[in-house]
Amino acid sequence: MERAMIKVHIPHCYVWLVKTVRRDMRKDLYTRYVTDYLKRNEPTLRLIEIDFKALTALCERK
């Protein structure tokens, strides 16, 4: 059985927050922000992948 993927849009403010740190740290910091955002706002979802260009997180139900 294939699980349904759910796209969650990430607020744009996370992008400009990440731009305040060194370039080599941005991807890791953005990943942490997205993970914490999902824990807080979508607790029934589990992160599968982050689409950095579209500012979305691909998730599935826990």
Side-chain angles (χ1 to χ4, degrees):
M1 183 173 140
E2 187 175 324
R3 294 184 176 176
M5 292 292 172
I6 301 166
K7 278 188 179 179
V8 177
H9 294 281
I10 306 302
H12 184 70
C13 64
Y14 288 98
V15 174
W16 61 260
L17 280 172
V18 169
K19 287 183 180 180
T20 63
V21 298
R22 286 191 336 232
R23 189 174 292 274
D24 61 333
M25 297 173 58
R26 290 179 184 174
K27 187 173 182 179
D28 292 333
L29 184 60
Y30 187 70
T31 302
R32 286 193 346 222
Y33 281 160
V34 170
T35 303
D36 291 341
Y37 173 79
L38 291 172
K39 284 180 186 176
R40 176 80 174 158
N41 296 295
E42 300 288 348
T44 61
L45 299 180
R46 184 176 59 152
L47 178 65
I48 301 298
E49 184 180 348
I50 298 173
D51 185 350
F52 293 97
K53 294 186 189 276
L55 299 178
T56 58
L58 293 174
C59 303
E60 66 182 8
R61 298 235 181 258
K62 288 185 179 177

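- Counting side-chain heavy-atom gaps under 4.5 Å among Ile, Leu, Val, Met, Phe, Trp and Tyr, the cluster of Met5 also holds Ile48.
- Arg22 pairs by the salt bridge (Lys or Arg N to Asp or Glu O under 4.0 Å) definition with Asp24, not counting sequence neighbours.
- The shortest non-hydrogen separation linking Val18 to Val21 is O-CG2, 3.0 Å.
- Contact annotation: the side chain of Leu45 never approaches that of Lys62 to less than 4.5 Å [non-hydrogen atoms, C-beta and beyond].
- Applying the salt bridge (charged side-chain N to carboxylate O under 4.0 Å, His left out) definition to pairs two or more places apart or across chains, none involves residues 32-44.
- Atom CD1 of residue Ile10 and atom OG1 of residue Thr56 lie 7.5 Å apart, to the nearest 0.5 angstrom.
- Residue pairs meeting the ring-ring contact (aromatic ring centres under 6.0 Å, His included) criterion with at least one member in residues 40-59, sequence neighbours excluded, are Tyr30-Phe52.
- For Arg26 against Lys19, the heavy-atom pair with the smallest separation is NH2-O, 3.3 Å.
- Considering SG of Cys59 and NZ of Lys7, their distance stands at 11.5 Å, rounded to 0.5 Å.
- Taken together through direct or relayed side-chain contacts under 4.5 Å among Ile, Leu, Val, Met, Phe, Trp and Tyr, Val8 and Val34 form part of one hydrophobic cluster.
- Taking His12 as the reference, Val15, Trp16, Leu55 meet the side-chain contact (heavy atoms from CB on, under 4.5 Å) condition, with sequence neighbours excluded.
- Partners of Tyr14 under the ring pair (Phe, Tyr, Trp, His ring centres under 6.0 Å) rule, at least two apart in sequence or in another chain, are Tyr33, Tyr37.
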